[in-house]
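Inspection log for the structure reproduced underneath, given as structure tokens.
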Amino acid sequence: MFANKPVPLLSFTTKASYSQFSTAIFHPFFSSLRANPSLFQTKQAHAHIIISGLAGNASLMGHLLTILALSPSTPFDYSQSIYQTITNPNVFASNNMIRCFAKSESPLKSVLFYSSMLRNCVRPNNYSFTFLLQACGKGIGFNEGVQLHGHVVKLGFGEDVYVRNALIHLYSSCCKVESSKKVFDESPHNRDVITWNAMLAGFARDGRVDVVESMFDEMPERDVISWNTMIMAYVHNGKLEEGLECFRRMRGIGLIPNEATLVTVLSASAQLGLIEHGRLVQSIIDSLNIPLTVTLGTALLDMYAKCGCIEQSRLLFDKMPQRDISTWNVMICGMASHGRGKEAIALFERFLNEGIRPVNVTFIGVLNACSRAGLVKEGKRYFKLMTDNYGIEPEMEHYGCMVDLLGRAGLVSEAIEMIENKVVSPNPVLWATLLCACRIHGLIELGENIGNKLIELDPSYDGHYVQLANIYAKSRKWDEVIRVRRLMAERNTNKIAGWSLIETQGRVHQFVAGDRKHERSLEIHKMLEVIETRVAEAGYVPNLSSVLHDIGEEEKENAIRVHSERLAIAFGFLVIGAGDCIRIVKNLRVCTDCHEVSKIISRVFEREIIVRDGSRFHHFKEGKCSCLDYW
DNA sequence: CTAGGGTTAG
């Protein structure tokens with residue numbers, strides 16, 4: 001009866017008269033369909049019910065609606081048509097109709113349905129409210145939810161733990177975590193692990209990590225989801241190391257992580273650029289035999305790309321049995337961030353050929369790729385494709401890519417036009433992007449204009465001063481360089497402390513400029529001297545323009561010498577096996593001088609160095625960088 | 001006869 005091919009109904013009907021069957025014979029089919037919903041088989045069951053003259057039966061139709069509510073993609077009209085055949089709807093059938101509404105595009109319609117249910121004198125029960133409150137949470141129906149909360153209390157379901165949990169979940173979905181907390185506090189004896197988890201998730205969404213932490217410690221019992229929620233609270237609120245530490249503790253007590261755990265932990269590893277940790281997660285996935293779903297595969301793909309292993313990323317991409325739009329986006333953006341513009345574009349073309357509809361993020365990757373590969377014509381064409389063919393409204397990021405693309409190609413007036421004509425409110429970020437182009441192309445006058453304008457707009461941000469000074473330095477206007485540096489010092493701008501990190505044997509070593517705190521500091525500085533000697537022999541002359549302070553020449557050289565990136569490289573030579581590449585993650589942009597030195601190091605030591613800075617990768621190899629000296 | 005909490009991309 002439930003094979004994948006249509007069943008010859010006639011042969012079935014000739015065997016017996018349906019009136020002989022009780023409704024009970026359908027129940028085995030319902031339970032198998034609940035476990036494994038299939039629209040086709042549900043329709044078959046429906047057909048049999050109709051033939052047997054039971055289409056008006058509330059219980060049978062209620063079961064069909066349950067299955068439809070559980071199915072991944074349900075034609076909503078179908079659920080409604082089923083409900084309409086019921087001669088005398090009971091609360092069971094109505095509850096499952098609410099569930100179908102909750103899953104639909106407009107979940108709040110379930111509330112309208114609820115009032116019609118009341119008019120028809122169908123009395124709601126505790127199930128009704130869990131489904132209704134769920135629907136309100138999905139549709140962000142705060143007002144509807146509050147009214148339903150009133151009904152819950154009035155009708156006496158206020159102590160049902162399912163209903164209470166649904167209320168907590170509803171309020172936190174509507175960003176009213178204080179209301180969630182009220183419900184939570186009202187009934188201390190009426191809590192289970194789900195109550196606590198819902199409450200944790202509410203505070204996590206609200207960014208109150210400290211509260212999540214203390215509640216987590218207070219919980220009488222914790223399951224995998226409690227741990228996942230705790231880890232997510234850290235990771236989604238920028239406390240990446242804490243997230244990883246929590247994951248370590250979770251494994252320490254012998255709890256088996258599941259897919260959600262691993263996806264979150266991979267995201268933290270990716271953001272931190274910790275390839276060793278990422279590989280550890282991969283080995284956990286392998287040893288637990290966790291199936292590589294699209295979500296998990298995409299998270300892995302992203303981790304490899306963000307940790308500098310774009311080849312690994314690509315191998316995994318080619319092996320994945322299933323991909324969705326995010327998978328493609330991650331792969332395209334990853335390629336672009338590694339400066340492999342042509343490959344990113346080839347992927348995008350393949351993606352279009354497979355008939356997938358690109359979204360805004362896809363185009364950020366594609367436009368970035370064009371910019372990195374210097375493909376001006378293509379970039380313009382894709383920008384037009386995005387707006388004209390796919391109706392995607394360009395966001396600031398898209399304009400940013402275009403300004404970068406045009407500026408890099410030296411088409412400065414077109415870039416200015418783009419900024420001035422297309423954006424409703426001109427954004428400083430776009431001008432800063434163009435300022436970068438001025439530095440590369442040595443456009444002093446324009447750079448001066450833009451730089452001064454930006455400094456005026458935000459005198460406390462040091463990045464604009466640095467760029468302007470770099471522009472002056474490029475044309476050897478040292479007086480101006482000194483003037484800008486002084487201005488910056490006088491105004492005491494907010495300097496973001498730069499750091500570089502390197503990972504080895506599961507440990508993370510983070511350096512700041514001039515760092516002498518590392519346990520192997522002496523060796524590191526000795527290694528630095530060796531590097532310097534070899535680099536100087538290769539003809540390197542320090543470029544003083546990158547030094548931030550207005551100090552004597554000799555000291556300037558010292559200041560460059562101990563940039564965090566160089567300390568990390570020197571340490572890398574000490575701990576990374578010969579032949580293996582040195583991977584470094586930085587928070588800020590690579591300075592001109594460090595970039596130059598890194599190139600030379602890669603040549604004279606025959607060592608590949610991969611540096612991830614704030615927005616892209618630099619692969620230093622054989623004296624060249626993958627960014628082609630434009631960043 | 002039906003129920004609840006956690007997951008990726010710029």
Side-chain angles (χ1 to χ4, degrees), chain A residues 23-24 26-27 30-31 34 58-63 65-67 69-70 90-100 102 125-134 137 157 160-170 172-173 180 192-202 204-205 222-233 235-236 257-268 270-271 293-303 305-306 324-334 336-337 359-368 395-398 400-401 615:
Chain A
T23 58
F26 291 103
H27 286 137
F30 292 149
S31 62
R34 262 202 309 276
S59 165
L60 290 180
M61 293 300 132
H63 283 291
L65 290 170
T66 309
I67 294 157
L70 291 169
N90 59 6
V91 66
F92 172 63
S94 306
N95 286 346
N96 285 300
M97 192 59 224
I98 293 174
R99 273 176 104 178
C100 290
N125 59 15
N126 44 349
Y127 287 90
S128 320
F129 288 109
T130 57
F131 299 140
L132 281 164
L133 295 168
Q134 208 178 25
F157 299 112
D160 184 296
V161 70
Y162 282 88
V163 175
R164 303 186 61 77
N165 292 347
L167 281 166
I168 291 171
H169 180 73
L170 162 80
S172 79
S173 312
S180 299
D192 60 13
V193 66
I194 292 168
T195 321
W196 286 87
N197 287 347
M199 203 59 243
L200 289 184
R205 198 187 319 236
R222 300 171 198 90
D223 64 6
V224 185
I225 294 182
S226 322
W227 283 90
N228 289 353
T229 310
M230 187 69 246
I231 295 171
M232 272 179 30
V235 174
H236 288 175
N258 64 14
E259 182 178 347
T261 325
L262 298 165
V263 166
T264 310
V265 166
L266 279 171
S267 155
Q271 289 179 62
T293 58
V294 178
T295 310
L296 188 54
T298 304
L300 257 179
L301 198 71
D302 187 45
M303 183 277 292
K306 288 207 168 70
D324 69 4
I325 173 83
S326 318
T327 320
W328 285 92
N329 288 346
V330 164
M331 197 65 242
I332 292 169
C333 293
S337 78
V359 295
N360 52 2
V361 183
T362 321
F363 281 102
I364 290 171
V366 172
L367 296 176
N368 244 324
E395 293 164 38
M396 198 53 77
E397 285 81 356
H398 299 105
C401 294
S615 59

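By convention in this document, chain letters (A, B, ...) are assigned in the order of the sequence lines, proteins followed by strands, and residues within each chain are numbered from 1.
No hydrogens or angles were tested; on distance alone, a donor-acceptor pair under 3.5 Å links the side chain of N125(A) to the base of dT2(B).
Taking only side-chain nitrogens and oxygens, R99(A) comes nearer than 4.0 Å to OP1 or OP2 of dA3(B). Residue K306(A) has no polar side-chain atom (N or O) positioned under 4.0 Å from OP1 or OP2 of dT8(B). Note on H236(A): a side-chain N or O is less than 4.0 Å away from OP1 or OP2 of dT8(B).
Contact annotation for N258(A): base contact, defined as any heavy-atom pair under 4.0 Å involving a base atom. Backbone-only contact: Q134(A) has heavy atoms under 4.0 Å from sugar-phosphate atoms and none from a base. Heavy atoms of F129(A) sit nowhere under 4.0 angstrom from any nucleic acid atom. Residue-level contact check: S59(A) touches the bases, meaning some heavy atom is under 4.0 Å from a base atom. Base engagement by N95(A) is indicated by at least one non-hydrogen atom pair under 4.0 Å involving a base atom. Residue contacts shown for R164(A) are absent, as no nucleic acid heavy atom lies under 4.0 Å away. Counting non-hydrogen atoms under 4.0 angstrom, H169(A) reaches the backbone sugars and phosphates but no base. Using a 4.0 Å heavy-atom criterion, one finds that D223(A) contacts the bases of the nucleic acid, with or without backbone contacts as well.
Of all non-hydrogen atoms in L296(A) and E259(A), the two that sit nearest each other are N-OE2, 3.6 Å.
Protein atom NE2 of H398(A) is 12 Å distant from nucleotide atom C1' of dA9(B), rounded to whole Å. In this structure, the CZ atom of F157(A) is 17 Å from the P atom of dG4(B), given to the nearest Å. Rounded to an integer number of Å, the gap from W227(A) CH2 to dG6(B) P is 19 Å. Separating the CG atom of D160(A) from the P atom of dT2(B) is a distance of 15 Å, rounded to the nearest angstrom. Between the P atom of dT8(B) and the CG atom of L301(A) lies a distance of 15 Å, rounded to the nearest Å. L65(A) places its CG atom 11 Å from the C1' atom of dT2(B), with the value rounded to the nearest Å. In this structure, CG of L266(A) is placed 20 Å from P of dG6(B), rounded to the nearest angstrom. Put simply, CH2 on W196(A) is 17 Å from C1' on dG4(B), counting in whole angstrom units.
Considering only the side chain of S326(A), dA9(B) comes nearest among dG6(B), dA3(B), dA9(B). For N329(A), the listed nucleotide lying nearest its side chain is dA9(B); candidates were dA9(B), dC1(B), dT7(B). For S267(A), the side-chain atoms get nearest to dA9(B) when compared with the rest of dA9(B), dA3(B), dG6(B). Closest approach to the D302(A) side chain among dG6(B), dG4(B), dA9(B) is made by dA9(B) (side chain taken as heavy atoms from C-beta onward). Checked against dT7(B), dT2(B), dC1(B), the side chain of H63(A) finds its nearest nucleotide in dC1(B). Taking the side chain of A201(A) as heavy atoms from C-beta on, and the options dA3(B), dG6(B), dC1(B), the nearest nucleotide is dG6(B). Checking dT7(B), dG6(B), dG10(B) against every side-chain atom of I225(A), the shortest atom distance belongs to dG6(B). Out of dG6(B), dT8(B), dC1(B), the shortest distance to the side chain of M232(A) is found at dG6(B). Comparing dG10(B), dC1(B), dT2(B) by their nearest atom to the side chain of C333(A) picks out dG10(B). Checked against dT8(B), dG6(B), dG4(B), the side chain of N228(A) finds its nearest nucleotide in dG6(B).
With sequence neighbours left out, M232(A) forms a side-chain contact (heavy atoms from CB on, under 4.5 Å) with H236(A), T264(A). Applying the ring-ring contact (aromatic ring centres under 6.0 Å, His included) rule to W196(A) yields the partners F184(A); only residues at least two apart in sequence or on another chain are considered.
The only member of V193(A), I194(A), N228(A), T229(A) that meets side chain to side chain contact (heavy atoms under 4.5 Å, CB included) when paired with D223(A) is V193(A).
Residues Q134(A) and T130(A) bring no donor and acceptor atom of their side chains to less than 3.5 Å of each other. For the residue pair S128(A) / N125(A), a side-chain donor-acceptor distance below 3.5 Å is found, with atom types taken as modelled.
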Query raised in the report: Can you list the steps and then say if T327(A) with D324(A) is a side chain to side chain donor-acceptor pair (under 3.5 Å)?
Result: CA-CA 5 Å; T327(A) 320; D324(A) 69 4; 3.0 Å; yes
